[in-house]
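Below is one structure, written out as structure tokens; comments come after it.
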Amino acid sequence: MTQEPKRYLITAALPYANGPIHIGHLAGVYIPADIYVRYLRAMGRDVKFVCGSDEHGVPVTIRAEQEGITVQEVVDKYHSMFENSFREFGITFDIYARTSNPIHHETAQDFFKNLYEKGLFEEKTEEQYYDEVKERFLQDRYIRGTCPNCSNPDAQGDQCEKCGTALSPNELINPRSAYSDATPTLRPTKNWYLPLQNYAEWLRQWIVEGHASDWKTNVLGQCKSWIEDGLRPRAMTRDLDWGIDVPLEGLAGKKLYVWFEAPIGYISATKELTSDWEKYWKSQDTKLVHFIGKDNIVFHCIIFPAMLKAYGDFVLPENVPANEFMNLEGDKISTSRNWAVWLHEYLQEFPEKQDALRYALTANMPETKDNDFTWADFYTKYNSELVGILGNFINRVVVLTEKYFEGKTPSVGKLQEIDQALINAVAEAPAKIAQSLEQYRFREALAYYMDVARAGNKYMQDNAPWSLYKAGFEENKERIATILHISLQLVANLAVLGEPFLPFTAGKIRTMLGLGNTTWAQAGKTDLIAAGQTIQNTGLLFEKIEEASIEAQVGKLEAIKKAREEKENATQKPEVESTSIVNHKSSIEYTDFEKIDIRVATVLAAEKVKGADKLLQLTLDTGIDTRTVVSGIALHYAPEDLVGRQVCLLANLAPRKLRGIMSQGMILTAEEPDGKLRLIAPHEVVVSGSVVK
RNA sequence: GGCGGGGUAGCUCAGGUGGUUAGAGCGUUGGAUUCAUAACCCAAAGGUCGAGAGUUCAACUCUCUCCCCCGCUACCA
């Protein structure tokens, strides 16, 4: 790092092919990456910018089911949508690949085989939910059941869409397969795990010690937290239909874990791009930078580097400048709830306004914390900054040049102090902007860029060439010429420096000035336009946005919100009417209660769970069987006091492993306000197995 | 419950090895100006730097406790 890297490999997170690109993706990943890359290219550096669609995993299969089309159709649809909208938006990937490409399958399988043959995986056989009817293992999302939180009968095994609670399949009441409605059973299945704990010390040194000063605090903190928490083996294969086959014999229906193969997509995309790909991946003088959102930190900072290390030879990321999230009008962006500003829609509804969005999202980039995008802010930022400061400055220079010099660049005369001051300010700008960009401080870089335009406006105002013109053009001609000459040079700088941030605008300025492609080396110079060069007034760079078009956008979002609220009210309200009963949870029907099997059980044995301070392992006589239940009451009851006691057991709760012990039910307790737990039991001894209702 | 990040002007955010009047952009108000898309330029108002306690000659900056937001995670069941 002390010396300049020979080449750069820049990756942007692979967008997942189950929904369109929205402003959150842009602000978090694609805009910063593209700015960085455009800057590097302007610097004349050797850089490759790779990305592609991530097409495997469970959610695309769900999307296919919802839309009633094949999975292939889903990924094809989103892949081409991504490709088009990125291109139109000016995100300049050197290659936009896809993980369904054969070259990716081969690369990912080779990677797996390499680690497998070195014996770096742990094989583990575990119980997984299985659909006996369809004869397949069920991923979390394919298990449906009643949400324990809001009683939504169609909650998925990983999350309830209604109330947003994160779930695991065991939490669902009455779990059933999404395919067949059959009750899933547990079946053993073998999978391959990457023992991340073996890389913990190496990761700690590399990240916590090695990158303490150059990685962003949010990234560093998250990594530290993971490492100190203790890394565990992570399954690199899954029981799935859709994905890349595990390259071992006799393993039908087993695929590579998406988060194993997706980052390898960066490698296969580079392979597809150039036969020289190894130079970018295996030569230590390459600087690898991953642009991602904060949700991807663990995969890019822990898992993928561990994989690369395990394989050997590969370069590791020099930096992973993850951004936080962009909210929309105060609410979290959500694809499934349709709460987003979609790129393809924006491009259609605001034609030729790519830079407006690029500007708003860069100026407000969630670099250190979550940020909020509002249309009102977009509107004022655009009208007051892009139109008022940048566009207006350029326009006034061009118009004055037209008026006073027939649109030809006048020659520079004797410089005054005020001219020199501006020239100096312009000369300093590129280094300032570059330094911010090198540190991934995009907002700051953009602000410095705008400062150049501000300086231009001030220069105009202070020199007021129009006053000199009125006072007498002939006697002031040299001075007016000098002022406009310098102003035009400044406009040229706005094109050069603006290329990373506002590429479309930069292009338009170049056309006006008759500049060819520019490089960063030209930035800061004030001889970019020769005297006599004709300036073409090609019209305003930025037209004001009408309030109506913003109102339309806000209205669109309000409609979505209203529809959602109505839907929620409609599904959960009707019972609660003229009663004055205060419910802490939403009402349920008797049929909901009927699903619950509570019965009295007698404690046969009780012991503390090793290594857990809150858990007791209980053996219960339920009247119908003898079963094990793990309960978090160790702080409230001693094991010996429990033997022989009767307790109430929620008997049909899905089994769940706790501290390695399968718990087959739940003991009911009353929780006092101070957190003290008391067992619920019948007042008199009853027959074990008596039903509570 | 634990961990990580954040809580600084109306809005979006900078900043600080503790030390004179806490910064920027936008917004607001006033002024100046008219080349320019009522844009630009100048100026002002506006903050008990999440709350409380402590350390210190001195804290927004350090320590502790607490509250709120975002994320991760667990021995919630």
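Side chains are part of it too, since the values below use all heavy atoms of this structure and drop only hydrogens, waters and symmetry mates. Computed from a predicted structure; not experimentally measured. In what follows, chains carry the letters A, B, and so on, assigned in the order in which the sequence lines appear, proteins first and then strands, with residues in each chain numbered from 1.
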P spacing across the pair A43(B) / A36(B), given as an integer number of angstrom: 25 Å

Aromatic ring pairing W215(A)/W206(A), orientation class (parallel under 30°, perpendicular over 60°, tilted between): perpendicular

Flag for K216(A)-N323(A): side-chain donor and acceptor within less than 3.5 Å: yes

Interatomic distance at C1', U29(B) relative to G46(B), whole Å: 11 Å

E324(A) bridged to K294(A) by N-O distance under 4.0 Å: yes

Rounded distance in Å between the C1' positions of A9(B) and U21(B): 16 Å

Under the 3.5 Å Watson-Crick or G-U criterion, the dot-bracket string of RNA chain B, with | for inter-strand pairs: (((((((..((((.....[...)))).((((.........)))).....(((((..]....))))))))))))....

Hey, can you pull the donor-acceptor pairs under 3.5 Å for the side chains in residues 385-401 of chain A, sequence neighbours left out?
unit_1  : atom_1 : unit_2  : atom_2 : d
E385(A) : OE1    : Y359(A) : OH     : 2.4
R396(A) : NH1    : N457(A) : OD1    : 2.9
R396(A) : NH2    : Q461(A) : OE1    : 3.3
T401(A) : OG1    : V397(A) : O      : 2.7

Ring geometry between F350(A) and W375(A) (parallel below 30°, tilted from 30 to 60°, perpendicular above 60°): parallel

Atom P, compared across G2(B) and U65(B): separation rounded to whole Å: 10 Å

Atom CD of E438(A) with >12 non-hydrogen neighbours under 6.0 angstrom: yes

K381(A) NZ to C26(B) P, straight-line distance once rounded to whole Å: 9 Å

Length of the line joining N457(A):CG and C26(B):C1', which is rounded to integer Å: 15 Å

Collect all protein-nucleotide pairs involving nucleotides 33-35 of chain B in which both atoms are nitrogen or oxygen and the distance is under 3.5 Å.
unit_1 : atom_1 : unit_2  : atom_2 : d
C35(B) : OP1    : K470(A) : NZ     : 3.3
C35(B) : O3'    : K403(A) : NZ     : 2.9
C35(B) : O2     : R396(A) : NE     : 3.2
C35(B) : N3     : R396(A) : NE     : 3.2
C35(B) : N3     : R396(A) : NH2    : 2.5
C35(B) : N4     : R396(A) : NH2    : 2.8
C35(B) : N4     : Q461(A) : OE1    : 3.4

Touch class at under 4.0 angstrom, heavy-atom based, for I297(A) against every strand present: nothing

Distance, C1' atom - from C42(B) to G6(B), rounded to whole angstrom: 36 Å

N383(A) or V630(A), whichever maps to the more 5' nucleotide of RNA chain B: N383(A)

For Y469(A), all residues meeting ring-ring contact (aromatic ring centres under 6.0 Å, His included), sequence neighbours excluded: Y404(A), F473(A)

Residue-phosphate contact under 4.0 Å: R454(A) side-chain N/O, C42(B) OP1/OP2: no

Pairwise C1' distance, A59(B) and G18(B) [rounded to whole Å]: 6 Å

Whole-Å gap separating P (A24(B)) and CE (M365(A)): 23 Å

Touch class at under 4.0 angstrom, heavy-atom based, for F542(A) against every strand present: base

Side-chain donor or acceptor of Q205(A) paired with backbone N/O of E201(A) under 3.5 Å: no

Check: R479(A) side chain, L468(A) main-chain N or O, donor-acceptor pair, under 3.5 Å: no

Distance in angstrom units between M326(A) CE and C70(B) P, rounded: 17 Å

Spacing of F325(A) atom CZ relative to U12(B) atom C1', expressed in whole Å: 19 Å

D370(A) (side chain) donor-acceptor with P366(A) (main chain) under 3.5 angstrom: no

Backbone N/O of N296(A) and side chain of H300(A): donor-acceptor pair under 3.5 Å: yes

Sugar-phosphate only, base, or nothing, as touched by E367(A) at under 4.0 Å among non-hydrogen atoms: nothing

Output a table of nitrogen or oxygen pairs between the protein and nucleotides 66-69 of chain B separated by less than 3.5 Å.
none

G7(B) versus U48(B) - spacing of their C1' atoms, nearest Å: 16 Å

Closest nucleotide among C41(B), U37(B), A36(B) to the K458(A) side chain: C41(B)

d(CG, D372(A); P, U12(B)) in whole Å: 7 Å

Closest nucleotide among A74(B), G27(B), A36(B) to the N392(A) side chain: A36(B)

Y257(A) side chain to R234(A) side chain, donor-acceptor N/O pair below 3.5 angstrom: yes

N364(A) and D377(A) side chains, donor-acceptor separation under 3.5 Å: yes

Euclidean distance for P, G47(B) against G23(B) (whole angstrom): 14 Å

Separation of U37(B) P from E546(A) CD (nearest whole Å): 15 Å

Donor-acceptor contact below 3.5 Å, side chain S549(A) vs main chain I545(A): no

Length of the line joining I389(A):CD1 and C41(B):P, which is rounded to integer Å: 6 Å

Whether over 12 other heavy atoms sit under 6.0 Å from E352(A) CD: no

Letter per nucleotide, 5' to 3', of nucleotides 2-11 of chain B [B base touched, S only sugar-phosphate touched, - untouched; heavy atoms, 4.0 Å]: -BSSSSS---

Carboxylate-amine/guanidinium contact E367(A) R441(A), below 4.0 Å: no

